[in-house]
Amino acid sequence: MQFGDHFKAMKPLDPSVKSEACVLGQKRKKSTPKEAAVRKCLILEQKCSLPIFSAREKLIHQVNQNNTLIVIGETGSGKTTQLPQFLYAGGFCKAGKIIGITQPRRVAAVSVASRVAEEMDVEVGKEVGFSIRFEDATSSITRIKYMTDGMLLREALLDPLLKKYSVVIVDEAHERTIHTDVLFGLLKGIQARRSNSIEGKFREENGAEWKKTKRGDVTEDSKRNGNDQKAAWPHNQKANMFETSIEKEKDHHANGFLMEKSLSPLKIVIMSATLDAQGFSDYFGGAKVVYIQGRQFPVEIYYTYMPEADYLDAALITTLQVHIEEDPGDVLVFLTGQEEIESMERLLHDRISCFPEGTAKIMVVPIFAALPSDQQMKVFKAAPVGTRKVILATNIAETSVTIPGIRYVIDPGLVKARMYNPRTGVEALAIVPISKAQALQRSGRAGREGPGKCFRLYTEEAFHKLDDVTVPEIRRCNLSSVVLQLKALGIDDVLGFDFMDKPSRMAIVKSLEHLYTLGALTDEGKLSNPVGVQMARLPLEPLFAKAMLMSVSFKCSEEMLAAVAMLSVESIFFTPQDKLKEVNLAKLRFSSSEGDHITYVNVLCAYMGELKKIGEPQDKKAKKSLQNWCNIHFINGRSLKRALDIHRQIQGYIQGIGLELLSCGEDYSSFRRCLAASFFLNAACKQPDGTFRALASGQIVSIHPSSVMFGKKPDCIIFNELVHTNKHYIRNVTRIDPLWLPELAPRFYCTKDIQTNFLPDSQGQKPLQD
DNA sequence: GAGCACTGC
C-alpha cells in the first residue's frame with residue numbers, strides 16, 4: 001500500500017473517533033479546529049487504505065479509454081464513494097458536466113453523498129449533492145450527484161439525452177431493480193446517440209481530449225435544441241427527424257457553432273458486487289470488466305446433513321444452540337414475514353424462560369418493513385453486557401439495513417416474494433427458495449466486522465440447486481408504469497426495446513392494452529395528449545394517475561388526491577397480531593360505511609388536522625405528540641408521513657398542469673362515482689352465497705379482513721388490489737351502485753347485463769361478458 | 001370470517 005506509508009508514522013488515533021467516523025451519514029457535534037484536523041487526517045487515512053485506492057490511476061485511464069466499463073467490487077471495496085471522486089479529479093467534470101451515480105435506495109443516496117462531501121471537505125448540496133424523491137440537495141455547482149435510479153429516469157423525461165452528465169455510474173447493478181434495468185437500455189441508447197452526434201465523431205477523428213467549453217452551455221443547448229426530445233430515439237418512428245437534426249448540426253459546424261452546440265459522449269460505468277460480470281459485459285457490447293478487491297472477513301458456512309422438515313423449528317433450535325455453544329456475538333435470523341417473526345419471538349421467550357439460572361440472557365429484536373421506525377431502531381441498540389442480541393429479520397436486513405455486531409447468521413434459505421400473473425392480473429405472495437447470490441449476501445452479513453459463521457438450514461446439495469441469481473424484478477411485475485414511461489420518453493416500440501432481460505411478450509402486451517384502456521395511448525399506440533402526457537408526468541401508478549385526472553370533472557379532486565396518496569403507501573395501520581381487537585376499535589374513529597377509500601381520506605384529514613394543531617414536527621415535543629397520536633390509533637407514522645409527502649408532491653404537479661383542486665364536501669357520492677369510473681375494471685358483485693365475483697375476470701374473490709367492508713355485504717363494490725394468499729383477497733374496497741357501471745363505463749358494461757345480474761331470479765350467475 | 005417480502009417516482 002504505497003500511499004498509506006505516509007500515515008504509519010502518525011500517532012494512533014482515539015478509537016472512539018474512529019468508530020464514529022465509520023458510521024455513514026451520522027450527525028456529529030460541532031468539533032473544535034483541532035478535532036476537525038484530526039478527523040480530516042483520519043478520513044484521508046481511511047480513504048488511502050481502501051482496496052480501490054491503489055487502482056486509482058488505472059480506473060481513470062480505463063474510463064477514459066472505454067465508453068462503458070463494468071466494475072466488479074465486493075462489499076467494502078470503496079467503489080461507491082471513491083470512483084466518483086477519482087473521475088472528478090480526472091477531469092470528467094470540466095465544462096460544468098456532472099458525474100451521476102444511481103442507487104437503488106434513498107438512504108444509500110443520502111448517506112453516501114454526505115460521506116463523500118465530508119471526504120472532499122465540502123457541504124452536501126455544493127460540489128457533492130444528492131437527489132431523491134421529495135428532497136433535492138443539489139445546486140448549480142454540484143458535480144458529483146448521488147441519486148436514486150428512479151430519479152434519473154424521471155430526469156430523462158425532461159432531458160432525454162441526459163446532457164448534463166459526462167458519466168453515469170449505475171451502482172448496485174446486480175440488484176437489478178426495475179428502474180436499473182430500464183436505465184440500462186436507456187443509457188445504451190443515449191450513449192449511441194451522443195456518440196453519433198457530430199462532435200463525437202469530430203472528437204474521434206481528431207483524437208481530442210475532454211471537451212472544453214464554458215459553463216452554462218448545457219442550458220443554452222436545451223433552449224435552442226428543443227427538438228432533441230423527438231430526435232433522440234432509435235426506436236422512434238420519426239427517425240428522419242434525427243437525420244434532419246444532424247444536418248442542422250453540420251450547418252452549425254460550418255458556421256463555427258459546433259463546440260457550443262454539439263454533444264459530448266456519455267460514459268457509462270456499471271458497478272456490481274457479484275461476479276456476474278459476463279452478463280453485463282455481453283449486454284454492453286463486450287464492455288471491459290475490471291475487478292476491485294473487497295474487504296470482507298471470512299465467514300464459515302455450515303450446512304445441514306439432511307433437509308429440514310420444519311425450517312422454523314430448525315431456526316429456533318439453531319439459534320438456541322448458537323447461544324449456548326458459540327462465543328459472544330449477535331445473531332441474525334432471516335425469516336419470511338411479520339407473522340413468522342412474531343411467533344418466533346414468542347417461542348424464543350418461552351424457551352429462554354426455561355433456561356437454568358446463570359445462562360446468558362438473550363435480547364430478541366424483530367425488524368421488518370411494516371414495523372414503525374421507533375421500533376425498528378431497537379436493532380441498533382447494543383445488548384447489555386453478557387446478553388446476546390438475536391435479530392429476527394425479513395429481507396430488509398439483506399441489503400436495506402446494515403446492523404452492526406452480527407457474527408452469526410441463520411439462513412433458512414427462503415424468502416417471501418411477490419409474483420405477478422399478467423394473464424389474470426393477480427398478484428400472489430409466495431414463500432420461495434432464495435438464489436445463490438442471496439445466500440451469499442446473507443452469509444456476508446456475518447463478516448463485516450470480523451470473522452463470522454453462517455448456518456444454512458439446508459443441505460449443500462440443495463444450495464447447488466438454487467438459481468444463481470434472483471430473477472430480475474422486471475420479469476416479475478406489472479409493467480404498466482414502465483411502459484408508460486418508455487412511451488413518454490419517445491420509445492414507441494416497447495416490444496423492441498433493448499432490455500437486458502426481456503419481460504415476456506404477454507406482460508408487455510397486457511400493459512399496452514391496459515394503458516390503451518385508460519386512454520393513455522392512441523389507436524396507433526402512441527402516448528395520447530393530454531391524457532397520456534399528463535399521466536406520465538404524475539409519479540403515480542397509471543391507474544391512480546388516471547383516477548386523479550378524472551376526479552377533476554367529478555369535482556372531487558381534493559378527495560381523490562388524498563385517496564391516491566394513501567393508496568400509494570402500504571401498511572397505514574400497524575397491526576400486531578395480539579392486538580387485533582384494539583386495532584379494529586381504533587380504526588372505527590375513521591371508518592366510513594362506504595368503504596376504505598373514504599376511510600383513508602378521513603385518516604389523512606385527521607392527520608393533517610393534528611399537524612395543524614401542533615405545527616410542523618420540528619421540535620421534540622411536537623414530534624412526540626404526533627407519535628403519540630399515531631400510536632393510540634395504531635397508525636404507522638412513517639407511512640402516513642410518506643402519504644403526506646406524496647399528497648404535497650402530486651398537489652404541486654396537478655397545479656402545474658393547470659388542473660383544479662375541488663372538494664365534493666360532505667357529498668361523497670360524486671367521489672364514489674369517480675372511483676367507479678376509474679376502477680370499473682375492478683368491480684365485483686355479491687353472489688347469493690355471500691362471496692363476490694369480479695365482473696371482468698369472473699373470479700371469486702373475498703374482501704380482505706383489513707378492509708372496513710370486511711363482513712359487510714354490499715351489492716356491488718370496486719377494489720384496488722387482488723392478492724392471492726389462502727384465497728383471492730381484494731383490498732381497498734368501496735361500495736358503489738351497480739347501475740353506475742354501464743353509465744360511466746358504457747364500453748364495458750351494458751345496463752341489461754347489470755340488471756339481469758341483479759335480478760333475484762337470475763341469482764347473479766350469468767357472466768357479464770367474455 | 002381472518003392477514004401482507006422489499007424497493008422506487
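Lettering follows sequence order; numbering is per chain, from 1. Heavy-atom basis, side chains included; hydrogens, waters and symmetry copies ignored.
Contact annotation: A:R642 does not reach the phosphate of B:dG8 (side-chain N/O to OP1 or OP2, under 4.0 Å).
Remark: P of B:dC9 and CG of A:L183 are 12 Å apart, rounded to the nearest angstrom. A:L186 places its CG atom 17 Å from the P atom of B:dC9, with the value rounded to the nearest Å. Counting to the nearest Å, the P atom of B:dC9 and the CG atom of A:D645 are 11 Å from each other. We find that CD1 of A:I650 is positioned 12 Å from P of B:dC9, with the value rounded to whole Å. Rounded to whole Å, atom P of B:dG8 lies 10 Å from atom CD of A:E175. Summarising the geometry, the separation between CZ on A:F544 and P on B:dC9 is reported as 17 Å, rounded to the nearest angstrom. If you take CG of A:L152 and P of B:dC9, they are 12 Å apart, rounded to a whole angstrom.
For A:T138 (side chain) and A:T142 (main-chain N/O), no donor-acceptor pair under 3.5 Å exists by modelled atom type. For A:D467 (side chain) and A:V469 (main-chain N/O), no donor-acceptor pair under 3.5 Å exists by modelled atom type.
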With B for base contact, S for sugar-phosphate-only contact and - for none (protein heavy atoms under 4.0 Å), nucleotides 1-6 of chain B reads BBBBBB
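Here A:R154 lies in heavy-atom contact (under 4.0 Å) with a base. Within the nucleic acid shown, A:I178 has no heavy atom closer than 4.0 Å to any nucleic acid atom.
Under the 4.0 Å criterion applied to side-chain N and carboxylate O atoms, A:R176 and A:D501 are assigned as salt-bridge partners.
Scored by the ring pair (Phe, Tyr, Trp, His ring centres under 6.0 Å) test, A:F590 finds A:H633 as partners (sequence neighbours excluded). In this structure A:A397 satisfies the side chain to side chain contact (heavy atoms under 4.5 Å, CB included) test together with A:L332, A:F334, A:A393, A:I403, sequence neighbours excluded.
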Check the pair A:F130, A:M147 against side chain to side chain contact (heavy atoms under 4.5 Å, CB included), reporting the backbone distance first and the verdict last. CA-CA 5 Å; A:F130 66 85; A:M147 64 196 123; over 6 Å; no
